[in-house]
Number of protein chains: 2
Amino acid sequence: MARIPDPKRTLTLRDVSEASGVSEMTVSRVLRSRGDVSDTTRERVLDAARKLGYVPNKIAGALASQRVNLVGVIIPSLSNMVFPEVLTGISETLEDTGLQPVVGVTNYSPEREEAVLYEMLSWRPSGVIIAGLEHSDASQAMLANAGIPIVEIMDIDGTPVDSAVGISHRRAGLEMAAAIIAAGYRRIGFLGTMMPHDHRARKRLDGFEEGLAKAGLTLADREFYSGGSALLKGREMTAAILSRTPDLDFLYYSNDMIGAGGLLYCLDKGIDIPNKLGLAGFNGVELLDGLPRRLATMDACRYEIGRIAAEIVAGKHREGVIGGEVVELTPTLEPGDTIRRA
Amino acid sequence: MARIPDPKRTLTLRDVSEASGVSEMTVSRVLRSRGDVSDTTRERVLDAARKLGYVPNKIAGALASQRVNLVGVIIPSLSNMVFPEVLTGISETLEDTGLQPVVGVTNYSPEREEAVLYEMLSWRPSGVIIAGLEHSDASQAMLANAGIPIVEIMDIDGTPVDSAVGISHRRAGLEMAAAIIAAGYRRIGFLGTMMPHDHRARKRLDGFEEGLAKAGLTLADREFYSGGSALLKGREMTAAILSRTPDLDFLYYSNDMIGAGGLLYCLDKGIDIPNKLGLAGFNGVELLDGLPRRLATMDACRYEIGRIAAEIVAGKHREGVIGGEVVELTPTLEPGDTIRRA
DNA sequence: GCCAGAACTGTTAGCGGTAACATAGCCATT
DNA sequence: AATGGCTATGTTACCGCTAACAGTTCTGGC
């Protein structure tokens, strides 16, 4: 009596319905635990479904119910530790909402972002979480007209389409400058990425220079890179900037990875850290814990950003709020061992 | 005459059809570039679509056409550099096939894997790429009955459901043992993760011990960890194993990250690497380039694995093959500076 | 001028589910 | 016995789009 499923055709509700002798609607109800179904029927249906190896077709379900349990998450990169942690926050929070994150990566390209966003919206997700506030006009329009919750994350220096959760990178740069100056450093160099579309890094640098200006200082030198192993690049850039401008007494790196490379380089060369030369990075990556000295950094509240963004999309945050909301998180300076203590 | 789209209702083909004065079918043809449409009509339709900000509904499209341009990719983790590189290989290869990867993460949990797989299959993807050969019975059954190309990646020590692309981790361990013994080391310790479900790490260790046994040796000591910053754990474990068994002359780490931590620790302590103590890791992560010394490692062909897996799913690989195929890649030993040279 | 065939556009019938609304059976009330 | 209110199940009409087929007009060849 046991029916071996035909391997050629994929199963539908009808197959389960026939195998269990009830209507498709009842099967649907059982599989979604919705509505009243008698225990005996439920058992029979579940049995049949299991036996056949039935997997519901969410495409049909979504079309019929006009509900999709997907949340689009659009980020620039996966390779730099920072976004995986945001994703963790999102996933954990979404876990018990029935929502499912779907990730798209843009590689810091506005065109890719537009394409990824278009593709995602064409699946009619319940919400979108997207990194940054800067998007192409077309992307901006799509976000505004999507008719679903949109949360722009990481950054709040700008005008969000709907909601935003993040930190002020301008302010992060500003505060780092203040801390460095307070510690007595004066000849300060900057080392960063050469990515025209990394707006957050740019804003940090802007804020940093503004902070220096307040004290009547300007950047003594700067060095940019693109591509390659960040740790190695950190070494090379540090060597380059120090040979060009030997009297620098502080190096501000746009991220922890190149900062770590710089730190290793300086230790190799026997440079007196933090007395002769101070160092700082940005992000607070876990990696730093294993370094010979703790690099000064500022954490970007990545996990928290993911958590709150997911809450907003899931409608769990501030029930009352109608329109978009902006949540500003405040990063804390972790002085580590590479800035002179007051 | 310009119609502002009603922000409450989402647009359908019918809206574009009405705005451009042609049938829905013609609009559909224009937007998919399928079939013959006159230039003037095409222009009018595209214009209307753009003006309205229409985004096609792939849910409806997929249901009607029974075609979904999605490939499910199931991996255990995003946080350890190794899978992002596989994803890069997959994405780049899929780019010009019209297929789109959708990533699911299992955190090395078979239950999560089962849930993620079920969820993915319910969207009826065109194929599935999944890490590892070990799955729960239910997952195994789902994969076997899905009726789509399945590619199991990273590992080939076992029996694939359909196709497989990867390296032999057993052999990787075996060869590393041979190289270490050939370099004259005899008191060998192992440091690894305490993850019962990381089958590939286990197979490497099995192979490694087998290699030692061939030379009449056994592991002199071993140390396991779980959770936390891998770099820091590498330091701590190294300190622990060396204080417990001070006469070790080689440490084999199950991954590069803890290996790097160990290397930094040894350099801190002024231990003579590679003469008094040799070190080796596994994976060939880019990170290592920036370390003071290059850690010996074995690359896992991650990018290549992603590329080939994607080709198989896309049907671009070995046109003639009917059933599943197994592609074995061979990792190469990179001796770096932490193994004595012959 | 007629016809085959291409080029273009429209019509119809689903794809596999679910919302919304029947319907049927059963029990406790009145 | 009739009424009402459950619970348990079935029926019908779509969701938004596309495959398949059915026109219709436009070509060019003879």
Side-chain angles (χ1 to χ4, degrees), chain A residues 5-6 9-46 48-49 52 54-70 98 119 121-126 146-147, chain B residues 5-6 8-46 48-49 52-69 98 119 121-126 147:
Chain A
D6 178 352
R9 220 173 41 76
T10 69
L11 300 163
T12 73
L13 266 193
R14 155 157 262 108
D15 295 292
V16 183
S17 136
E18 284 172 359
S20 55
V22 297
S23 72
E24 299 175 36
M25 194 62 228
T26 300
V27 176
S28 171
R29 278 195 268 256
V30 170
L31 296 178
R32 288 177 302 146
S33 328
R34 204 160 305 248
D36 301 308
V37 181
S38 72
D39 289 347
T40 52
T41 307
R42 184 193 323 286
E43 283 312 313
R44 253 189 323 150
V45 169
L46 287 177
L52 294 172
Y54 173 71
V55 178
N57 185 333
K58 289 221 178 176
I59 296 181
L63 182 61
S65 67
Q66 302 285 61
R67 257 183 278 104
V68 181
N69 66 335
L70 262 25
E119 166 78 13
L121 290 181
S122 74
W123 288 101
R124 300 289 187 267
S126 299
Chain B
D6 178 352
K8 288 166 193 292
R9 218 172 42 77
T10 70
L11 299 163
T12 74
L13 267 193
R14 153 156 263 107
D15 295 291
V16 183
S17 138
E18 284 172 0
S20 55
V22 298
S23 72
E24 299 175 34
M25 195 61 226
T26 300
V27 176
S28 169
R29 278 195 269 257
V30 169
L31 296 178
R32 288 179 300 145
S33 326
R34 206 160 302 252
D36 300 308
V37 181
S38 74
D39 289 347
T40 52
T41 306
R42 183 193 326 285
E43 281 313 311
R44 254 193 318 157
V45 169
L46 287 176
L52 295 172
Y54 173 70
V55 178
N57 185 331
K58 289 218 179 181
I59 295 179
L63 183 59
S65 68
Q66 303 283 63
R67 256 182 279 105
V68 181
N69 67 334
E119 165 79 13
L121 290 181
S122 74
W123 288 100
R124 301 289 187 266
S126 299

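Lettering of chains follows the sequences in order, A, B, ..., and the numbering in each one begins at 1. On a predicted model such as this, the values are computed, not experimentally measured, just so you know.
The base of C/dG10 is paired with the side chain of B/R29 by a donor and an acceptor separated by under 3.5 Å.
In summary, contact between chain A and DNA chain D, defined as any nucleotide atom under 4.0 Å from a heavy atom of the protein, begins and ends at D/dA8 to D/dG16 in the 5' to 3' direction.
Ranking C/dC15, C/dA19, C/dT9 by closeness to the A/R32 side chain, first place goes to C/dA19. Considering only the side chain of A/R67, C/dA19 comes nearest among C/dA19, C/dG17, C/dT9.
Looking at every heavy atom in both residues, B/E24 comes nearest to B/L13 through O-CD1, 3.7 Å. Minimum interatomic distance between A/A60 and B/L63 (heavy atoms only, all atoms of both residues): CB-CD1, 3.9 Å.
OP1 or OP2 of C/dC15 has not a single side-chain nitrogen or oxygen of A/T12 nearer than 4.0 Å.
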Subject >> Derivation of the side-chain contact (heavy atoms from CB on, under 4.5 Å) call for B/T41 and B/T26 >> reply: CA-CA 9 Å; B/T41 306; B/T26 300; 3.8 Å; yes
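Residue B/R42 is out of contact with every strand shown, counting any heavy-atom pair closer than 4.0 Å. Nucleic acid contact class of B/D36 (heavy atoms, under 4.0 Å, all strands): base. Across all strands shown, B/R34 has no heavy atoms under 4.0 Å from either base or sugar-phosphate atoms.
The separation between B/W123 atom CH2 and C/dG17 atom P is 12 Å, rounded to whole Å. Atom CE of B/M25 and atom P of C/dG14 are 16 Å apart (whole Å). Going from atom CG of A/L13 over to atom C1' of C/dT18 covers 9 Å, rounded to whole Å. One interatomic measurement links the two molecules: CG of B/L63 to P of C/dT18, which rounds to 12 Å at whole-angstrom precision. In this structure, CZ of A/R14 is placed 15 Å from P of C/dT18, rounded to the nearest angstrom. The CG atom of A/L11 sits 11 Å away from the P atom of C/dG16 (whole-angstrom rounding). Per the geometry, CD belonging to A/Q66 stands 11 Å off P belonging to C/dA20, to the nearest Å. Computed from coordinates, the A/E24 CD to C/dA19 P distance equals 14 Å when rounded to whole Å.
For B/A64 and B/V22, each mapped to the nucleotide of DNA chain C holding its nearest heavy atom, the one lying further toward the 5' end belongs to B/V22. Where B/T41 and B/S65 meet DNA chain C, the nucleotide closest to each residue was compared, and B/T41 sits on the side nearer the 5' end.
Side-chain contact annotation: B/R44 with B/T40, donor-acceptor N/O pair under 3.5 Å absent.
At distances below 3.5 Å, at least one donor-acceptor pair connects side-chain atoms of B/R42 with backbone N or O atoms of B/V37. With B/S65 contributing its side chain and B/G61 its backbone, the two residues share a donor-acceptor pair below 3.5 Å. The main-chain N or O of B/V68 is found under 3.5 Å from a side-chain atom of B/S126 such that the two form a donor-acceptor pair.
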